[in-house]
A.B. asks: 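One structure, as structure tokens, below. Some questions next.
Residues: numbered from 1 along the sequence shown. Both counts, for ligands and for their atoms, begin at 1 and track the order of listing. Computed over heavy atoms, backbone and side chain alike; hydrogens, waters and symmetry mates excluded.
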Amino acid sequence: MFLSNYFHNVLPVQSKLSVFFTMIILFTYLFYCLNGYCDSLPRPVYDQQSNFQNKIILHDGQDASQDQLGAYNASPVSIVRGQLSDLGNSANVQSNNISIANNFGSKKFPQAIIIGVKKGGTRALLEFLRIHPDVRAVGAEPHFFDRFYDKGLEWYRNLMPRTLEGQITMEKTPSYFITKEAPRRVFSMSRHTKLIVVTLTKSPGLPSFQNLAFRNATTGLIDTSWSAVRIGIYAKHLENWLRFFPLSRFLFVSGERLVTDPAGEMGRVQDFLGLKRVVTDKHFYFNQTKGFPCLKKPEGSSRPRCLGKSKGRPHPQIPSEVLLRLRDFYRPFNLKFYQMTGHDFGWD
Ligand SMILES: Nc1ncnc2c1ncn2[C@@H]1O[C@H](COP(=O)(O)OS(=O)(=O)O)[C@@H](OP(=O)(O)O)[C@H]1O
């Protein structure tokens, strides 16, 4: 009533029109916001930055291998994108994982790094560790000590999730183990860094492994220039690391036992990290279809979950004579590795 009197008596026609249009704009905006579209409107830069930082925290721990990230071009943005695209249920992580979607704590350099070896089961180990309430880990492989060292330590620290007092920060980049410069670089970040190496005695799951492994199949000459072969010469790579870190700083986790007895292996890992043994056999079940142990309740989800399709692929049957040749090739290196570590891994 008041409004109609106001319109008729007080305002001239032009003013009435402008009030009318202003109201239409206001109502449209309100409608737009109520439908949840306001987020897509441009926002101040500082706001977008804080949102971006939250995304790093929100999605950490997802299966984002270097292959999937296109790591040579990786930036924090591409890392987040990689993580988002990797697991179908990332939305689930977003909605459930309230505890990590906050700004509490601070970003610290990792106190422990899974440095190798590629295809050893490093993703499984990290995902198993992430169930522990005192472990916070960056999900994607940062590749700082091998590829992005020139970005500086602050860039690296910024990739880390926030941790509270008593929590440890971790990351995994399995190519560090074979990177010559990595030991010195990690050492200059912190000489106290704990280093985990997942070792493996099986061959990588490449269909063409036996063709690529030999320089000459008839003579049985092994192609040592092929990276998959070189990765397995553990003694050579460990030598580089032992120049900077004492043996006590290393833990060698069996990639095989991580599959056959994940809880047992996790017990050793938790002891090494000085953590309470929280991750136990009640966290795992063996998924017959996948042929691997899976988590009953992974971090950020209440549903059981196995690793993605790129983990635990079917392996080709390698002819026994090829395996014998490979064993002969690796034997002296393995013996040296046993000597260096003071432990007979019994790989023969
Ligand atoms: N629980 C569980 N689920 C699935 N896969 C498992 C698991 N535990 C160990 N593995 C083995 O991990 C292998 C992949 O190793 P990585 O994660 O170190 O690979 S990578 O270097 O990060 O690309 C992967 O190798 P492939 O079998 O060649 O895919 C598996 O053999």
A.B. asks: Does any N or O of ligand 1 fall below 3.5 Å from an N or O anywhere on Pro174, backbone included?
C.D. replies: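 No; the residue has no nitrogen or oxygen that sits under 3.5 Å from a nitrogen or oxygen of the ligand.
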A.B. asks: So, does Ser310 sit close enough to ligand 1 that a heavy atom of it is under 4.0 Å from the ligand?
C.D. replies: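 Yes, Ser310 has a heavy atom closer than 4.0 Å to ligand 1.
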A.B. asks: Can you tell me if Thr173 uses its side chain to pair, donor with acceptor, with the backbone of Ser175 under 3.5 Å?
C.D. replies: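 No: the side chain of Thr173 does not pair with the backbone of Ser175.
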A.B. asks: Given Cys306, Ala124, Pro293, identify the one with the heavy atom nearest to atom 1 (N) of ligand 1.
C.D. replies: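 The residue whose heavy atom sits nearest atom 1 (N) of ligand 1 is Pro293.
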A.B. asks: For Phe286, which part has a heavy atom under 4.0 Å from ligand 1: side chain, backbone, both, or neither?
C.D. replies: neither
A.B. asks: Measuring from non-hydrogen atoms of Leu258 to any atom of ligand 1, is the shortest distance under 4.0 Å?
C.D. replies: no
A.B. asks: Which one holds for Thr122 and ligand 1: side chain close, backbone close, both close, or neither close, with close meaning a heavy atom under 4.0 Å?
C.D. replies: both
A.B. asks: Would you please name every residue forming a salt bridge (Lys or Arg N to Asp or Glu O under 4.0 Å) with Arg257, sequence neighbours left out?
C.D. replies: Glu265
A.B. asks: Looking at Val279, Ile168, Leu273, which one forms a side-chain contact (heavy atoms from CB on, under 4.5 Å) with Leu129?
C.D. replies: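 Among the candidates, only Leu273 passes.
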A.B. asks: When you measure from the centre of the six-membered ring of Phe272, is the NZ or CZ of Lys194 closer than 6.0 Å and no more than 45° off the axis?
C.D. replies: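 That pair qualifies as a cation-pi contact.
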A.B. asks: Using distance alone, decide if ligand 1 has a nitrogen or oxygen within less than 3.5 Å of any nitrogen or oxygen in Lys311.
C.D. replies: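 Yes, there is a polar N/O contact under 3.5 Å.
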A.B. asks: Check whether any N or O atom of Phe292, backbone or side chain, sits under 3.5 Å from an N or O atom of ligand 1, and answer yes or no.
C.D. replies: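 Between Phe292 and ligand 1 (N or O atoms, distance only) the closest approach is not under 3.5 Å.
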A.B. asks: Any idea which of Pro262, Gly116, Gly308, Gly312 brings a heavy atom closest to atom 29 (O) of ligand 1?
C.D. replies: Gly312
A.B. asks: Looking at ligand 1, is there an atom of it that comes within less than 4.0 Å of some heavy atom belonging to Glu127?
C.D. replies: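 No, that is not the case, since the closest heavy atom of the residue is not under 4.0 Å from the ligand.
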A.B. asks: Kindly confirm or rule out an N or O of Gly120 lying under 3.5 angstrom from an N or O of ligand 1.
C.D. replies: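 In this structure, Gly120 places an N or O atom under 3.5 Å from an N or O of ligand 1.
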